[in-house]
Amino acid sequence: MAYDKFSVINTSAVPLPFENVDTDQIIPARFLKAVERKGFGDNLFRDWRYENDGSPKADFPLNNAKYSGKILVGGKNFGSGSSREHAAWAIYDYGFRVVVSSFFADIFKGNALNNGLLPVVVSPEFLEKIFAQIEKDADSTFEVDLPNQKFTITATGESSDFEINPYKKHCLQNGLDDIDYLVEMKEQIAEFEA
Amino acid sequence: MTAKTLFDKIWDAHVVKQVEGGPNVLYIDRHFIHEVTSPVAFLGLKNRGLKVYRPDQTTATPDHNVPTINQHMSIKDELSRNQVDMLKKNCDENGIVYHGLGTEGHGVVHIIGPEMGLTQPGMTIVCGDSHTSTHGAFGAIAFGIGTSEVEMVLASQCIMQPKPKKMRITVNGTLDKGVTAKDIALYIISKISTSGGTGHFIEYAGSAITSLSMEGRMTLCNLSIESGARGGMIAPDETTFNYVKGRQFAPKGEDWDKAMEKWAELKSDEDAVFDTEYTFDAADIEPMITYGTNPGMGIGVSQTIPTSEGLSGTDKTTYQKSLQYMGYNEGDSMKGKPVDFVFLGSCTNGRIEDFREFAAFVKGKKKADNVTAWLVPGSKQVQNQIEAEGLVPILEEAGFELRQPGCSACLAMNDDKIPTGKYSVSTSNRNFEGRQGPGARTLLASPLTAAAAAVSGVIADPREMM
Ligand code: SF4
């Protein structure tokens with residue numbers, strides 16, 4: 001799936017200070033019936049965002065006009081549960097390019113990376129600082145520098161290095177995906193099978 | 001040679017290439033697909049002008065969207081029907097075997113694979129569904145993948161994966177009466193938490209594990225993902241071989257002998273090193289039930305809900321939010337709590353053994369009037385066997401009806417949804433907010449504990465009723 005190349009972004013962030021945000025919350029199962037990858041952002045966090053009658057829940061951060069930006073900041077164990085890639089699609093489709101947490105579930109992390117969505121792992125202490133900064137000033141910006149693997153709180157200048165597999169970094173920076181890579185390996189795969 | 005774990009042995013034998021500074025290119029022996037996570041992958045393939053590379057290593061069935069009554073009629077929900085039709089079309093175009101609704105091979109994808117003998121020791125198995133970990137019960141490396149990865153496997157029979165760390169969980173001793181594989185799993189997750197297994201692949205070992213039936217082993221491995229692990233596996237032994245032998249796609253004759261020779265090697269070397277180890281005592285495990293909104297929030301059915309004392313920050317708010325959703329208070333006793341629905345089924349507990357246990361428990365008892373019970377076989381074969389073993393009259397006599405196979409109330413995607421605010425004791429695998437329907441409240445438990453709730457009308461300890 002083609003996605004935008006990733007380099008450095010400067011943007012504000014939306015806080016979601018809950019732990020174990022599972023993929024059933026990110027995109028409930030009843031919205032997985034599409035056969036194309038379209039419009040998942042509308043149903044991102046559907047049941048936290050809207051009442052059963054479709055009216056928005058005022059206290060949910062995505063409905064709070066003061067929060068905006070391309071970074072979603074979540075509590076630890078973000079993305080646990082189902083393997084549905086729709087979760088990564090919904091977050092990307094909504095407009096986020098980065099998810100920050102102190103801990104990600106494995107499958108979600110892989111799915112995000114396969115779709116141009118950068119998962120950034122920071123320490124629990126640093127995560128608290130990010131939440132505190134947003135609470136102090138919702139317009140605070142953050143810099144996500146993929147080439148240098150650095151996440152910076154602009155206001156305080158505090159930064160945290162983050163890890164990413166060099167191969168995946170290369171893919172993200174160049175908007176490449178694994179399928180091209182594998183298809184080019186066909187011969188080697190056929191040899192392996194023999 | 002360095003000592004290897006069972007996981008190392010299978011993984012290393014499937015590495016086609018190690019990418020510089022990157023993941024492994026891992027060869028996949030068996031790929032299961034279903035209607036929800038495959039359409040976008042097929043579309044991607046088409047857009048690239050590619051065909052499925054190894055259709056004969058791919059097996060398809062629709063399970064998530066399907067109704068569990070009147071399956072002979074067309075699916076009412078248009079979007080669901082479209083997804084199911086799309087799967088069939090994609091399979092037809094690519095020469096993939098498709099087990100449609102109502103056919104003898106139909107069922108939840110993780111139930112039909114083992115039944116047909118498609119799941120075998122030593123294999124690498126993937127599916128766009130996190131509970132693919134189920135197949136690890138056979139001593140296979142089996143794990144769930146995302147749709148991009150489904151596309152990779154369709155295109156090349158390979159995926160790119162970093163090698164996970166290894167964990168061993170040993171459970172020794174004998175299980176008490178009324179304690180099942182499901183309880184072992186919920187107990188482990190309650191101890192190591194829903195993120196305790198992250199980054200790892202688990203091997204289960206110990207006398208309490210090896211004495212489990214294949215059905216029990218599948219239940220245990222199925223729930224590995226709920227601890228955050230990619231998967232779980234159990235070294236194959238006589239129990240495994242006896243189960244596989246004679247099944248439709250199991251090796252036959254000389255091939256069987258050759259396979260047995262290879263399978264005999266499938267165990268961790270004595271001095272193999274695991275990155276993480278846990279040991280538990282089977283005697284400490286009682287029938288478990290969850291009280292919160294993740295599978296790690298489980299306690300023995302006779303216990304009280306833990307207090308938030310000692311928690312702080314987001315830990316505390318998350319805990320309180322969870323209890324609030326469930327409508328429970330800290331310190332409440334679980335026994336006697338009201339129950340509205342009981343769900344027996346899913347890839348966790350929708351096998352013949354689960355129905356036998358449930359039926360034996362409710363025999364001669366009556367379903368409580370306040371409980372709506374959904375008994376959903378995991379596959380057509382399970383359904384056939386329930387009928388052949390004469391369990392239907394026993395269940396009917398006790399006030400229960402059998403539905404038709406599918407994922408059913410495990411996830412709120414088909415017609416079987418739990419209404420807002422209602423309590424459902426479910427033998428499935430996830431008690432997340434809204435998992436069984438918007439606002440639904442799920443209590444995960446074993447088939448026996450579910451049966452006890454179904455006949456009592458409240459949460460009850462099955463040991464006191466056996
Ligand atoms: S039964 Fe539930 S967990 Fe299993 S495959 Fe179906 S939806 Fe997924």
Side-chain angles (χ1 to χ4, degrees), chain A residues 1 17-20 22-25 28-30 32-37 46-48 52 75-77 80-89 103-108 110-111 114-115 124 127-128 131 165-171 177-183 185-186 188-189 191-193, chain B residues 16-17 19-23 25 27 36-37 39-40 43-44 48 50 53 64-65 77 79-80 82-83 86 128-130 144-149 151-152 155-162 164 194-195 198-199 228 230 294 313-315 317-318 321 411-413 420 430 432-435 438-439:
Chain A
M1 182 70 206
F18 313 119
E19 296 176 3
N20 304 315
D22 60 76
T23 52
D24 273 87
Q25 306 319 319
R30 60 188 191 282
L32 308 184
K33 297 185 184 188
V35 292
E36 283 174 282
R37 193 189 147 168
R46 179 74 198 202
D47 295 338
W48 281 352
N52 281 354
K76 78 168 179 239
N77 202 22
S80 55
S82 145
S83 64
R84 61 188 70 161
E85 195 158 314
H86 312 68
W89 299 341
F103 198 95
F104 287 98
D106 289 332
I107 302 183
F108 176 80
N111 286 342
N114 281 335
N115 287 280
L127 188 67
E128 286 306 320
F131 280 133
N165 177 297
Y167 166 81
K168 277 290 167 198
K169 179 176 172 179
H170 172 80
C171 289
D177 73 22
D178 291 347
I179 301 172
D180 302 322
Y181 186 95
L182 288 171
V183 170
M185 272 186 64
K186 272 278 171 65
Q188 207 177 335
I189 295 169
E191 257 170 51
F192 178 89
E193 287 177 315
Chain B
V16 179
K17 182 181 172 180
V19 182
E20 276 271 324
V25 175
Y27 189 80
V36 182
T37 54
V40 173
L43 196 65
R48 289 170 203 259
L50 297 171
Y53 178 55
H64 286 60
N65 271 291
D77 182 291
L79 292 172
S80 292
N82 186 34
Q83 244 184 2
M86 187 66 91
D129 185 284
S130 58
I145 57 177
T147 296
S148 298
E149 292 166 316
E151 190 179 336
M152 291 177 213
S156 69
Q157 207 56 34
C158 289
I159 53 166
M160 309 196 54
Q161 285 285 311
T194 53
S195 59
T198 305
R230 282 313 287 275
N294 73 59
T314 49
D315 284 330
T317 47
T318 305
K321 181 170 172 284
L411 94 172
M413 197 161 178
T420 305
R430 287 188 175 136
F432 298 151
E433 285 184 31
R435 169 76 180 186

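All chains are named by letter (A, B, ...) in the order of the sequence lines, taking the proteins before the strands, and each is independently numbered beginning at 1. Being a predicted model, the structure only gives us computed values, none of them experimental.
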Contacting region of [X] [heavy-atom separation from chain B under 4.5 Å]:
{"X": "A:F103", "result": "side chain"}
{"X": "A:D178", "result": "both"}
{"X": "A:Y167", "result": "both"}
{"X": "A:A88", "result": "neither"}
{"X": "A:N52", "result": "side chain"}
{"X": "A:K169", "result": "neither"}
{"X": "A:E193", "result": "side chain"}
{"X": "A:H86", "result": "side chain"}

Closest non-hydrogen atom pair, [X] against [Y]:
{"X": "A:F104", "Y": "B:T198", "value": "O-CG2, 3.6 Å"}
{"X": "A:I107", "Y": "B:G144", "value": "CD1-O, 3.7 Å"}
{"X": "B:G228", "Y": "A:D106", "value": "O-OD2, 3.7 Å"}

Query raised in the report: So do A:D22 and B:N294 actually touch side chain to side chain, heavy atoms under 4.5 Å?
Result: no

Query raised in the report: Heavy-atom distance under 4.5 Å between the side chains of B:T147 and A:W89, does that happen here?
Result: yes

Query raised in the report: Considering residues at least two apart in sequence or located in another chain, which fulfil the side-chain contact (heavy atoms from CB on, under 4.5 Å) criterion with A:E36?
Result: A:K38, B:L43

Requested in this report: Quick one: list whatever passes side chain to side chain donor-acceptor pair (under 3.5 Å) with B:S80, sequence neighbours left out.
Outcome: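 Partners of B:S80 under the side chain to side chain donor-acceptor pair (under 3.5 Å) test: A:K33, B:N65, B:D77.
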
